[in-house]
S.K.: 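One structure is given below, represented as structure tokens, and several questions about it will come after.
Treat the numbers as computed from the prediction; the structure is a model and nothing was measured. Along the sequence shown, the residues carry numbers beginning at 1. The figures that follow rest on heavy atoms only: side chains count, while hydrogens, waters and symmetry mates do not.
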Amino acid sequence: MMRVFFLIISFLCFFSMKAQSSQKEKAEQFISSVLLSQESEYSNLLPLLKITRIIPEEEGGIQKIYQVFSLIKLQIQDHSYQLVSSQEAYKIMEQWNENRASDILSSDKGTVFYVYLPEFNKFLVRSPIVVNEKNEIIAIFIGFCKGENHICLDYL
């Protein structure tokens with residue numbers, strides 16, 4: 001009976017790791033596309049995102065998404081980077097004895113990935129990439145939680 005239990009747990013872990021690997025590939029594809037695109041081509045990147053709401057003009061509208069593309073491109077262009085999950089980011093920050101681990105967010109809607117610049121020991125905490133179980137990018141920036149005074153993921 002215990003063998004069956006451990007076999008089931010092993011399968012679940014395997015499929016979970018495979019799913020996260022696929023999600024990471026989707027986030028890598030997004031980063032690569034941003035790096036290869038000119039600002040005038042940013043509208044071509046929108047199909048990479050699962051956009052489910054219209055961002056009101058007072059919140060920046062579609063330009064808010066284009067600004068995130070520009071921010072990502074500006075900060076990682078010409079630098080080596082790694083894409084890490086929020087769990088991996090926590091571990092890296094623990095190694096630094098960094099008190100800013102609270103800047104790393106997690107999500108119940110998908111896996112959160114951060115761009116890590118090892119050259120600067122820096123995470124792009126303002127641009128987390130959340131990929132859901134369907135391999136759709138559902139968030140690429142943070143905002144203030146409605147009714148609360150702290151930072152949270154701003155879903156597309």
S.K.: One pair to check against side chain to side chain donor-acceptor pair (under 3.5 Å): S107 and Y155. What are the steps and the verdict?
M.R.: CA-CA 10 Å; S107 172; Y155 294 97; 2.6 Å; yes
S.K.: Same cluster or not: L48 versus L71, using hydrophobic residues (I, L, V, M, F, W, Y) connected whenever any side-chain heavy atoms lie under 4.5 Å apart?
M.R.: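 Cluster IDs for L48 and L71 differ.
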S.K.: Under the side chain to side chain contact (heavy atoms under 4.5 Å, CB included) rule, what do Y116 and L124 come out as? Steps first, then yes or no, please.
M.R.: CA-CA 7 Å; Y116 172 57; L124 301 186; over 6 Å; no
S.K.: Measure from the side-chain N and O atoms of Y114 to the backbone N and O of L105, and report whether any donor-acceptor pair falls under 3.5 Å.
M.R.: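 Yes.
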S.K.: Kindly compute the distance separating CG (L74) from CD (Q67), expressed to the nearest 0.5 Å.
M.R.: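 The distance works out to 12.5 Å.
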S.K.: Looking at every non-hydrogen atom in both residues, tell me the closest pair between V34 and K73 and how far apart they are.
M.R.: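 So the minimum-distance heavy-atom pair works out to O-CD, 3.6 Å.
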S.K.: How many angstroms lie between CZ in F69 and CD in E41, if you round to the nearest 0.5 Å?
M.R.: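 Reported to 0.5 Å precision, the distance equals 12.0 Å.
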S.K.: Just verifying a value: how many Å separate L46 CG and I51 CD1, rounded to the nearest 0.5 Å?
M.R.: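 Separation between the atoms: 5.0 Å.
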S.K.: So Q75 and K122, side chain to side chain contact (heavy atoms under 4.5 Å, CB included) or not? Walk me through it.
M.R.: CA-CA 10 Å; Q75 291 195 10; K122 175 183 175 181; 3.6 Å; yes
S.K.: First locate atom CD of Q87, then atom CZ of F113, and finally report the distance between them rounded to the nearest 0.5 Å.
M.R.: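 So the CD of Q87 and the CZ of F113 are separated by 8.5 Å.
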S.K.: Donor-acceptor check, side chain of S86 to backbone of I104, threshold 3.5 angstrom: yes or no?
M.R.: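 It does not hold such a pair.
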S.K.: Taking the side chain as every heavy atom from C-beta outward, state whether I31 and V115 have any atom pair closer than 4.5 Å.
M.R.: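 Yes - at least one pair of side-chain heavy atoms lies under 4.5 Å apart.
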S.K.: Roughly how far, to the nearest 0.5 Å, is the OG atom of S22 from the CG atom of N135?
M.R.: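 One finds 3.5 Å between CG of N135 and OG of S22.
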S.K.: Does E88 reach the main-chain N or O of S85 with its side chain, forming a donor-acceptor pair under 3.5 Å?
M.R.: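 Yes, the answer is positive, given that a donor and an acceptor are paired below the 3.5 Å cut-off.
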S.K.: May I ask you to decide if S37's main-chain N or O and Y42's side chain share a donor-acceptor pair within less than 3.5 Å?
M.R.: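 Answer holds: no.
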S.K.: Ignoring hydrogens, what is the shortest heavy-atom contact between E28 and Y81? Give both atom names and the distance.
M.R.: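 Heavy atoms only, the tightest pair is OE1-OH, 3.7 Å.
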S.K.: Return yes when atom CD of E39 has more than 12 non-hydrogen atoms of other residues, nucleotides or ligands closer than 6.0 Å, and no otherwise.
M.R.: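 At most 12 heavy atoms, drawn from other residues, nucleotides or ligands, come within 6.0 Å of this atom.
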S.K.: Taking C-beta and beyond as the side chain, do Y66 and S43 meet within less than 4.5 Å on heavy atoms?
M.R.: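 Of all side-chain heavy-atom pairs linking S43 with Y66, at least one is under 4.5 Å.
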S.K.: Of all heavy-atom pairs between F30 and I72, which one has the smallest distance, and what is that distance?
M.R.: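 Smallest heavy-atom distance, with atoms named: CE2-CD1, 4.0 Å.
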S.K.: Regarding Q38 and S40, do their side chains bring together a donor and an acceptor under 3.5 Å, going by distance alone?
M.R.: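 No, because no side-chain N or O of Q38 sits under 3.5 Å from a partner of the opposite role on S40.
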S.K.: Would you call R53 and D154 a salt bridge, taking side-chain N to carboxylate O under 4.0 Å as the test?
M.R.: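 A salt bridge links R53 with D154.
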S.K.: What is the distance from atom CD of E57 to atom CD1 of I62, rounded to the nearest 0.5 Å?
M.R.: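 Between atom CD of E57 and atom CD1 of I62 there are 9.5 Å.
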S.K.: Could you check whether the rings of H79 and F120 sit parallel, tilted or perpendicular, using 30° and 60° as the cut-offs?
M.R.: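 Correct class here is perpendicular.
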S.K.: Give the intermediate values and the outcome of side chain to side chain contact (heavy atoms under 4.5 Å, CB included) for residues I65 and I55.
M.R.: CA-CA 9 Å; I65 294 174; I55 301 172; 3.9 Å; yes
S.K.: Among K26, Q23, Q29, K50, find the one that has a side chain to side chain contact (heavy atoms under 4.5 Å, CB included) with I137.
M.R.: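 Among K26, Q23, Q29, K50, the one that satisfies the side chain to side chain contact (heavy atoms under 4.5 Å, CB included) with I137 is K26.
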S.K.: Ignoring hydrogens, what is the shortest heavy-atom contact between L117 and S80? Give both atom names and the distance.
M.R.: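 Here L117 and S80 meet closest at CD2-O, 3.6 Å.
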